[in-house]
Amino acid sequence: MTDLHPISLTVNGREYTLAVEPRRLLVDVLRDDLGLTGTHIGCEHGVCGTCTVLLDGASIRSCITLAVQADGAEIRTVEGLADGAVLHPLQEEFWNKQGLQCGYCTPGMLLRACELLEQTPDPTAEQVREGIASNLCRCTGYAYIVEAVLAAAPRMRERTPAQTPTETTGAQA
Amino acid sequence: MTAVERPAAPPVRTHKADRRWVGKSIRKVEDPKFLRGRGGYIADLVRPGMLHAAVLRSPMPHARIVSIDTGAAEAAPGVHLVVTGARAAELTGPLPDFGPDPTKHTWRCLAAEKVRYVGEGVAVVVADNRYLAEDALELIDVEYEALPPVTDPEAALQPGAAMVHEALGSNLAYARQFDFGDVERDFAEADVVVRDRLRWHRSGGQPLETVGAIADFDPATERLTVHTNSLSFTSYMFMAAGALGVPMNKLDVHQVPAGGSFGSKLFVTKPFVIAGMCSRLLGRPVVYLEDRVDNISNCDHHGSDRVYDVELAVMRDGTMRSITIDTVDDYGAYIQFGVGHHGNALAQVTGPYTINSVRYRVRAALTNKNQQGAYRGFGSEVNNWMLEQMVDKAARELGMDPVEIRRRNFIPPASFPYFIPSGNVYDSGNYAAVLDKTLELADYDHWRAEQARAREEGRYIGIGVISAQERSVFSATEFWFWFDEPNAPVTSSPESVTLGVDATGTITATLYSCAFWGNSPETMVAQLVAEEFDVDPHSVSIIYHGTAGGLPATGPGGSRTTVMLAGAVEGASAKIKAKARKAAAHLLEVDPDDLEWTEGGFQVRGVPGQRKGLDEIAAMLHMFKHSFPEEVESGLEESKVFDHPYTTMPSADRSDLGVFYPFMGNACHVPVVEVDIETGRVSFLAYAAVHDCGTLVNPRSLAGHILGGTTQGIGTALYEEFVYDEEGQLITSSFLDYTIPTAAEMPEMTIGHIETPSPYTPHGIKGGGEGGRMMAPAAINAAVNDALAPLGVRVTELPMTPDRLRAAIRAAGQVSSAAR
Amino acid sequence: MKPPSFRYSSPATVPDAVALLVEHAEEDARVLAGGQSLVPLMNFRLAHPGFLVDLRRVPGLDSIRMDGDVLVLGAMVRQSAAERSAEVRVAAPLLAEALGHVAHPPIRNSGTVVGSIAHADPAAELPTVALAMDAEMTAVGPQGERRIPAAEFFQGPFTTALASDEILTEVRLPPFAGGHAFVEFARTHGNFAVVGVAALVAVTDGRVTRAAIAASGVGPTPVRMTAAEEALGGAVPDSAAIGAAVDAGTAGLQPAGDLQGSAATRIDIARAVLRDAIERAAERAQDRR
C-alpha cells in the first residue's frame, strides 16, 4: 500500500500518534481511527458544515482537510464539549430551546457556535444568523438554534460551569 | 353532487380536559445523545469484518450498455467483489414498485441493459474501505451506446419520442381523468372562468445524512441481518426480502436513527438490496452508504415535477364553483409509488373551500431523470400552491381582496365532518379563526400601509396570504384506488406499541416502526405514556424493536406518527390499567369497579389512604405469583396494534375515493417580501404562520417542524431545483449547485397555533409534520406576485430564481437600471 | 467521495518544494496550501495529483508584511488571518472587505489568500481583487523567481500563467489612495457570487482622478472594467457619471449563461453590482478627504 505518514494529534486533550495514508481525510481519521463518531459527514465537499471541528481553536471542515495537514494540531470535537455528566452551556441551551431535531448537523453546529461566541461573546441575533450560515441544518429552520446560541452567550461569558447540572428529568417551560 | 352511500364515521370521542403532559413543551427526551455526538447513525455502526461498497454511476442520461470490463477493478488492491447490473439482475429481483404494470418499467438495484438517467448505478464494488472501493470504480470500463435523451415531460408524451422503457410502448406510465360532481353544469353556470398554466420544478429532501444499509448474511443460518436508516423498515421490507429472495422469517431489519429524511428515507430499498446482495455473495457484513452525489443523482426521492393547466369557475361575488385540473407529472425513469402523489393532492384538492365539483386529469410521464419519490407534502403541497395561485388570480380578475375571496369560500365550522368532492372527509376545522389569528400576528394592515408607502418610493414589497390544508394519517387505499383492477388493494396501515411496567415500576415503551428521523417519536410516546400513568416523561424508556418478532407496523409518512402512536399507547395503557386494576382490587380486597385511577395508582373511590401505586402493583405482579388467583399471569406488559381509526373503501367506479386522509389540518401563512427588481433577489421583511393540527402534544416541537418545513418551502420557492439540461445532464449534482438556504436567508418568523381537536383521534391530535413545506411555496409565490403586481408581472413557475424573476421583469419591459 | 491516492511531502524550504515539483512532474505534482479548493476536487475525483507538496512547514510563508508601501502576503497566509490583520485593513481595505465574502469562516480558517488566487476560479473574490489592485504574483520555479502582474496572470477558468513547476510564494498588493468597495451578488450567504465587483476610486477636488475596477462572473476570468474606469476619469462621481460608467463597463460583456443566470441576467446583475460598488467606493473616497 501507499506510504504511511506519522502524525500526532491532540484530540479533546488526549494525544494520539498515528501513521496515516496521506489521502486520509481528517474526518475519517477522527471517526474510524479514533472512534470519535460524533463528527459527521454530510457532503464531503465543504459546503454543509456537518463535519466542522475546531483545529487550534478555529473551526474547519474536516471533510476537506487531510489528516496530514493537521499534524501537530490540537483538535476539539463534540465529544470534548461536555464535562463528564455536565453538558456544555451550548449543549444545554440547544436542549432547552429545541435547537435540534435529527441531531445530524448538531455537533458541527455546536463547534461553530463555540468559536462564534469566543470571537463575539455578546452577539446580536443577526450576527448569530450570519455566523452559523456556514453550517446547514435541514430540520430546524435555524430559528431555535439562533435562540440557543443567544441563550448560551451570557453563560459562556460568565465562564462558569453549567449552572444546572444535567439531569435526565425535568420539564422546561 | 352524486349522492354517495357512506359508512358511518367512527364514534366521536370525548377528550380529557385536564392534561398534565400532553400539551407541554418539555425538553425532548432523545436530545442528550445527539447533543453529545452519540446518535448512533448508520455510519457510526461497525460490524466485525465489515466491507464497503461503492456504486459506479452512469454519466449518460440514456444509453445501452454495450459492455462492462471489470477485470482491472477486480484485480485492484483491497477489492473483494465487483457486480455489474447484468449480474445483479440474475441475483436479485425487481425493486418494489406500486406503479401501473410494474413489469413494463422494471426497476432494479443496478441498471442491467440500459441506463435511464445520469447517476443510475451500473456496477458495485466491494472493498476493504471506501477509498479502495472508489479507486476500483475508476478502473471499470463501460462502453455505452448513446440513445436520445427524453427530458421534457410534455415532449415525452408526443408520438415518436424516444422511449425510456420500450416494453411500455410509450412514455405515458399512467393517465386517468376523474370527475367528482357535475363539473359541466358548474362551469356552465359560472360567471367567470379563470385559466392558468403553472410549472413546479423538482426539488428534494436532501437530508444532511445520506441513505445506507449494513447487511450481514450468515451462510450457516441463512439469516440476513440488516441495519438501515430506512424509515419503512417494518412494513415494506418484505418486498426487499422478495427482491433478495430471502424468506421473511430469515430477515431481521433494525432501524438506526436517521439524520433527517423529509420523505427521502421512505422505502429506500436500493441500498438495502445492494448491500444484501453483496453480503450474501461474500458471507461478510457489507455497508453501502450513499455519498452526496449518489444521494442527489441516484436516490429514490426527487420531488414532484408538474405542469398544470387549470380552470377555476367562479361567480362575480367570488364564490368558487368548480375546478378542472390537468397535470402532466414528470416521474423520471421509474415510478415506485405510482401516482400516489396525486392521491395526496385529491385528499385536499379543493383546499379549505366549498368548491362543488372537480375534474382531475393526471398523466404520468417517464423521462431520463432520477425517479420521483417522497418529499414533505408528497404532492399535496403542489396542489396547495396550484389552488392558491388560482384563487389569487381569480381575486385579481374579479377585483377582490385576496383575504376576502378566501373568507367567502371557507367551509364553515358547523359543517364538519365535511366530505369534499373526491370523497375524502375533513374531520374538523376553523379556517376563519386561523386566518384571523395569522393576519393579527402578521400585522397585516401595517404591512399594507408599508407596501403603499414603498411603492411610492419605487420599492416592490409584497404580502402573500394563503390558506391551505394539511392532510394527515394516510390510508393504504390511496396507493391503489387509481386502478380499476389494482394488484395489491391493501387496506391496513397499523402501528403498534408494547408497554411494560417492570418489577421496580419503571416503564418501557417498545416501538415497532416510527423510526426516528428528527420527528421525535420518543418524546411523543414519553409524553403520551406520562399522561396515562402520571410519571415524568423523562423517566420513560423507549426501545425500537427490529422486524424479527415484531408487531405489525407501518412507519412514518403522511404525517401519521403521532396520531398512530397515540392510539397504540392509549390501547396498550388501557390493557395495562385493566390488569393493574384487577390486581389492585385483589390486593385491596375490593371490587375492581370501586377503584379509580389517580396520581399514578388505583385507589378506592373516596378513600385516599386505600391505594396501590403502579409500582407496587407491578412489583407484586412480577414477583409474587401466589398473591394472586391462579389465572393471573405474571408480569405487567401489554401490546396494542392500533389500526387507522377512519378509512373507508373507494366506490367501484371511483366517482368517490372514500375516506383516506381524514384528519385535516389547516394553516395560513403570510410572508412579506421585497423584490429587488434589478437583480431578481427576494428578501423577507416578515413572516407569520398559524397552524391548526388539532391538539398539540409538544407545542414547541411542532413549531420547530413548522419552522423547518417552512424553511424547506422557502428553498422550494426560491432556491432549490434539480436541474437537468436539454441533453439530460444533471447540472446540480452537489451542494455547490443545489442551493440550500442558510440561516442568513431566513426570515424572523412568528408562529401561532389554533387547536381544533379531531373528534376521532386520541386527545384530538392531528398530524403536523409536513405543514410548513405544504404552505410556504404557495405563500411566497403569492407575496412575490403581490410585489410585482404594479409591473404587471405574475410568476407562475417555481423556484423563483433571480434568473426567472429577471426574465419575467425584462419581459414586462423593465430594463435594468443604472443610476439611481 | 474520497480522494485518490497520492504521495505527499511537506518540505522545509521553497527550493526543496520546487525540487519536489520538478522531481514528481510526471505524477502531476501539485502544491497544497489550505486545500479548500483542491481537496474537494480530489474528493469528487476531478483532480488526480500523484504527489502533493504541502507548504505548511516552510517558515515565513504565513507572514503578512509591508515591503515599502506594498503589502505582501505569503503563500500560507490564511484568509481569516488576513481578514483580521490590521496591516491588511490599512494597506488593502479592498482585500479585507472582499475576504468577508469568501465562503464562510470555517473555509477562511483553512483557505489561503494566495491559494485562492492560484486556483483562479472565475467566480471567486480574491482573483478579482488582485486584478483590480494591480497585484503582482511572485512565482518561484527551477529558474528562480519572477513576478507576474495580475493582468497577465489569469488566463482562463482555473488557468493561470503559473508553470506546473512553479510555486506562488506571495502576492504583492500596491497601495491605492482612495475609496474601495467590494460588492457581490450571491444566491445565498457565503455562496459563490453570481457577479462580484472590486472597485477602487480616487477623488480629488470632487473629481475622479483614478479608478480601478474588476468584476467576476462576467467572463472566463476576472475582467478588468477599463471602459468604466475611463468613463469615470475626470468626472464628478454623481449618479449620471456612475450610470455612464456602468453603461460603458457592461457594454461589451458577453458572459456565458449558466445555471445561475442567462447572459442577460448576468449583465442585469452586473449593472446593479457595479453601480453599487462604484457608488460606495466614491463615497468612501470623498470621506477620506
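What you are looking at is a predicted structure, and each value in this text was computed from that prediction instead of being measured.
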Scored by heavy-atom pairs under 4.5 Å with chain C, the best of A:Thr52, A:Leu54, A:Asp28, A:Asp56 is A:Asp28

Rounded to the nearest 0.5 Å, what separation is found between the CD atom of A:Glu44 and the CE atom of C:Met42? 13.5 Å

Under a 4.5 Å heavy-atom cut-off, does chain C meet the side chain of A:Arg112, its backbone, both or neither? side chain

Under 4.5 Å from any heavy atom of chain A - which part of C:Leu41: neither

Apply side-chain contact (heavy atoms from CB on, under 4.5 Å) to the pair C:Lys2 and A:Arg24, showing each step before the final yes or no. CA-CA 8 Å; C:Lys2 307 297 182 190; A:Arg24 292 289 304 288; over 6 Å; no

Region of C:Arg78 in contact with chain A, defined by heavy-atom distances below 4.5 Å: neither

Would you find a donor on one side and an acceptor on the other, under 3.5 Å apart, between the side chain of A:Gln69 and the backbone of C:Gly34? yes

Going by heavy atoms in the side chains, are A:Leu66 and C:Val39 under 4.5 Å from each other? yes

Which one, C:Asp54, C:Ile107, C:Leu52, leads in non-hydrogen pairs under 4.5 Å with chain A? C:Ile107

Would you say A:Arg23's side chain and C:Pro3's backbone share a donor-acceptor pair under 3.5 angstrom? yes

Side-chain touch C:Arg56/A:Val68, heavy atoms, less than 4.5 angstrom: no

Below 4.5 Å, heavy atoms only, C-beta onward: do C:Leu38 and A:Ile64 meet side chain to side chain? no

Below 4.5 Å from any heavy atom of chain C, which atoms of A:Leu116 appear? Answer side chain, backbone, both or neither. neither

Going through the distances and angles, do C:Asn109 and A:Arg61 end up as a side-chain contact (heavy atoms from CB on, under 4.5 Å)? CA-CA 9 Å; C:Asn109 284 337; A:Arg61 314 286 212 210; over 6 Å; no

For chain A, find which of C:Arg108, C:His104, C:Arg57 contributes the most heavy-atom pairs closer than 4.5 angstrom. C:His104

Compare all side-chain heavy atoms of A:Glu21 with those of C:Ser5 and state whether any distance is below 4.5 angstrom. yes

Please flag which part of A:Glu130 lies under 4.5 Å from any non-hydrogen atom of chain C: side chain, backbone, both or neither. both

From C:Gln36 atom CD to A:Thr65 atom OG1, the distance as rounded to the nearest 0.5 Å: 5.5 Å

Identify the heavy atoms of A:Ser134 and C:Pro106 that sit nearest to each other, and give their distance. CB-CD, 3.6 Å

Say you draw a straight line from CE of C:Met1 to SG of A:Cys43; how long is it, rounded to the nearest 0.5 Å? 7.0 Å

Heavy atoms of other groups near C:Tyr8 OH, more than 12 under 6.0 Å: yes

Using heavy-atom distances under 4.5 Å, tell me whether A:Asp71 contacts chain C through its side chain, its backbone, both, or neither. both

Is any side-chain heavy atom of C:Ser110 less than 4.5 Å from a side-chain heavy atom of A:Ile60? yes

Taking the side chain as everything from C-beta on, heavy atoms only, tell me whether C:Asn43 gets closer than 4.5 Å to A:His45. no

